[in-house]
Amino acid sequence: MKFKNYLETIAGIEIFPMISLLVFVVFFVALIFFVVKADKNYINHMQQIPFDKEQ
Amino acid sequence: MEQEKFYYDNKIVKQFAYATIFWGLIGMTVGLLVALQFVFPALSFNWAPTTFGRVRPVHTNAVIFAFVGNGIFTGVYYSLQRLCKARMFNDTMSKIHFWGWQGIIVAAALTLFAGFTTGKEYAELEWPIDIAIALVWVIFGWNMFGTILKRRERHLYVAIWFYIATFVTVAVLHIVNSFELPVSLFKSYSLYAGVQDALVQWWYGHNAVAFFLTTPYLGLMYYFVPKAAERPVYSYRLSIIHFWALIFLYIWAGPHHLLYTALPDWAQSLGVVFSVMLIAPSWGGMINGLLTLRGAWDKVRESVVLKFMVVAVTAYGMATFEGPMLSLKNVNAIAHFTDWIVAHVHIGALGWNGFMTFGMLYWLYPRLFGKELYSKKLANFHFWIATLGILFYAIPMYWAGFTQSLMWKQFTPEGFLKYPNFLETVTQLIPLYALRSLGGLLYLIGFIVMIYNLIKTAKSGHDVVDEEAFAAPLAKEYQPHSKDHWHRVIERKPIQMLVLSLVVILIGGAIEMIPTFMIESNIPTIASVKPYTPLELQGRDIYIREGCYTCHSQMIRPFRSETERYGEYSKAGEFIYDHPFQWGSKRTGPDLAREGGKYPDSWHFNHMEEPTSMSPGSIMPNYPWLIEDELDIASTPAKIRAMQTLGVPYPAGFDAIAVDNLNQQANKIAEGLKKDGIEVKGDREIIAMIAYLQRMGTDIKGNKTVQN
């Protein structure tokens with residue numbers, strides 16, 4: 001039941017936050033790229049979903 | 001395509017709306033009581049269930065899980081059906097969800113008043129209730145996904161993504177944070193200890209704010225603000241970025257609750273960086289909400305619904321600007337453990353969650369009952385008195401936070417603490433606490449006016465239980481566009497959406513926590529740190545039961561102002577036997593991490609019986625029942641065995657002699673007290689409490705502390 005520490009130590013733990021940052025930046029840039037490229041008709045359709053009138 | 005006729009289930013929406021209102025009233029009234037206890041300590045009534053340590057968790061749980069929780073379900077059940085153009089998947093499941101959730105709330109309130117608590121903030125409920133929450137939550141998710149799967153609108157509107165992310169993340173958070181080993185029906189120990197427990201707890205705690213108080217309400221914002229303003233959201237593109245960036249970033253930010261604590265430094269930095277970045281998607285969302293009203297600001301003057309929503313979104317913007325600021329280490333050094341944090345969360349709770357709920361209810365009631373709102377005037381009165389209430393709440397609390405923090409840190413030219421007596425820094429704040437109570441009272445009055453207004457509206461209207469609607473079913477064969485946008489593809493696929501959300505939040509959770517769990521050197525062991533004696537362990541459980549952590553921290557940060565006041569700063573290795581950790585998050589009273597040996601046993605005895613006898617002016621409640629009540633000694637062997645299972649190195653067979661060991665230590669303390677003229681039997685709870693208090697922080701201890 002006890003949580004064991006499986007490794008004695010880890011070299012260069014400081015790199016963890018850097019990796020995290022990098023993962024996010026890549027994710028974010030890709031996201032922006034695709035969103036900017038999104039089709040206008042589709043965006044308009046999505047915006048109108050809460051309203052019954054259109055379709 | 002031929003139109004199908006179907007009915008929206010309005011009954012379940014109404015039921016959740018009633019529950020929102022009912023629990024809101026309870027939660028806020030209890031909130032007013034706890035606020036008044038700061039000003040009039042007699043309001044603890046010398047009775048265990050009404051002391052601050054027990055009532056405060058009732059307040060937080062009632063407001064978060066009962067008021068806001070039911071508010072979420074009201075909005076989700078209304079908007080999801082309309083966005084999917086389908087009735088809820090299964091009426092029975094809706095019913096089980098509703099009654100199950102209310103049952104959990106009642107059980108939560110009763111057990112918390114009775115002192116059954118895990119001692120982990122916002123996750124205080126004991127293990128049987130935790131299991132019930134998980135089951136009811138799964139039913140909610142099942143019902144939601146069933147509805148999504150039989151929808152008549154191919155694309156999932158942004159609000160639904162927020163609901164999906166809420167469902168999946170809350171499930172993960174709740175399960176991971178609730179790993180605990182039951183000792184009896186209403187007592188369990190956290191599987192994690194010390195630093196690990198703290199990290200998991202604040203990963204949970206922060207994301208409970210993120211995924212229970214924020215993402216579902218953002219979903220509601222994306223539905224109800226456009227509906228109320230009668231125009232689409234400002235930028236749908238921005239909402240896509242808002243959603244993904246927000247859920248990606250939020251999950252990393254938990255460690256900002258643990259800055260300058262014994263948590264490893266790299267994890268603290270991680271929390272800071274991601275918290276600061278969080279401002280971008282949060283403000284993107286706020287701007288998106290506010291700019292939805294572009295060209296329609298004149299409507300805000302007319303519509304009380306929009307008034308509430310505009311202030312709600314503004315409060316969201318304020319709180320999410322303040323959050324990243326508070327997570328900067330230099331700001332946090334001042335703000336942490338003070339009333340500044342209390343102000344911050346109430347901007348969120350009263351402003352964002354409260355006002356969004358009110359706006360939603362004022363919009364929903366006329367539609368659910370086919371009748372105009374009973375009185376616009378009263379609704380406007382509610383708006384203004386509640387806004388005033390927030391100001392009267394927040395401003396004094398900010399003031400109190402700055403004041404107390406500066407007083408803690410003030411040195412004389414000679415290099416001594418200017419206010420060595422902690423109590424001075426508390427009594428200074430009493431007028432501000434009184435003002436805060438006034439703010440709470442104003443807010444509550446507004447709430448009661450709303451209840452009257454809504455009841456009048458409902459009574460004069462008619463019950464629309466099943467609302468008729470028409471929509472064409474989805475074509476079986478979907479012809480995708482030749483060059484489909486990737487996000488367009490996901491939006492058609494709720495299950496993939498769920499999995500992707502899950503992956504996104506797990507990346508953050510994993511990187512944040514795995515190193516602390518896997519690597520020994522992250523929590524250096526200290527040879528002199530030994531497990532608690534059976535009596536101390538029992539005392540610690542009383543400490544947890546009475547909710548001492550709601551006012552006292554056990555974490556001395558490495559600042560001169562703290563080491564001067566409390567002693568040597570806290571080390572990660574000191575907490576390895578603490579299941580659960582009790583670092584606390586607020587210092588209404590002084591830190592207790594090195595309380596052991598600071599005062600004689602007799603001082604603690606008198607102080608627990610009547611704090612003002614030892615510290616005149618203290619606002620701590622009296623704990624007379626600790627002296628009257630017998631300690632539950634029979635539970636000792638089971639507790640020792642549980643601790644052994646969790647890895648605490650008691651020698652084999654120690655459970656068999658634990659009671660003898662306990663009695664010996666207890667009698668010694670009772671004899672010592674007798675010498676000081678205090679007659680008390682060795683089998684009383686107070687003895688265990690004293691044993692624990694005297695043990696705290698003595699494994700390693702610096703000598704230079706001041707009395708406080």
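Convention: sequence-line order gives letters A, B, ...; per-chain numbering from 1. It should be emphasised that the depicted structure is a prediction, and the values quoted were computed from it without experimental measurement.
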Checking [X] against chain A: side chain, backbone, both or neither under 4.5 Å from a heavy atom?
X	value
B/Tyr234	backbone
B/Val273	side chain
B/Tyr157	both
B/Ser235	backbone

[atom1] of [X] to [atom2] of [Y]: how many Å apart, nearest 0.5 Å?
X	Y	atom1	atom2	value
A/Phe51	B/Lys227	CZ	NZ	6.5 Å
B/Thr292	A/Gln47	OG1	CD	9.0 Å
A/Ile49	B/Tyr236	CD1	OH	6.0 Å
B/Met277	A/Phe28	CE	CZ	9.5 Å

So which of B/Leu238, B/Leu270, B/Ile241 has the largest heavy-atom pair count under 4.5 angstrom toward chain A?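 Maximum pair count with chain A is reached by B/Ile241.
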Would you call [X] and [Y] a side-chain contact if the rule is heavy atoms closer than 4.5 Å?
X	Y	value
A/Pro50	B/Arg82	no
B/Ile240	A/Phe34	no
A/Ile43	B/Arg237	yes

Pairing residues for B/Ala642 by the side chain to side chain contact (heavy atoms under 4.5 Å, CB included) criterion, not counting sequence neighbours: B/Leu181, B/Val183, B/Tyr189
B/Arg367: partners by salt bridge (charged side-chain N to carboxylate O under 4.0 Å, His left out), with sequence neighbours left out: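 Scan of B/Arg367 (salt bridge (charged side-chain N to carboxylate O under 4.0 Å, His left out), adjacent residues dropped) gives none.
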Using heavy-atom distances under 4.5 Å, tell me whether A/Phe24 contacts chain B through its side chain, its backbone, both, or neither.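 Contact with chain B: backbone and side chain both.
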For A/Val23 and B/Phe248, what are the C-alpha separation, side-chain angles and deciding distance, and is it a side-chain contact (heavy atoms from CB on, under 4.5 Å)? CA-CA 10 Å; A/Val23 168; B/Phe248 195 106; 3.7 Å; yes
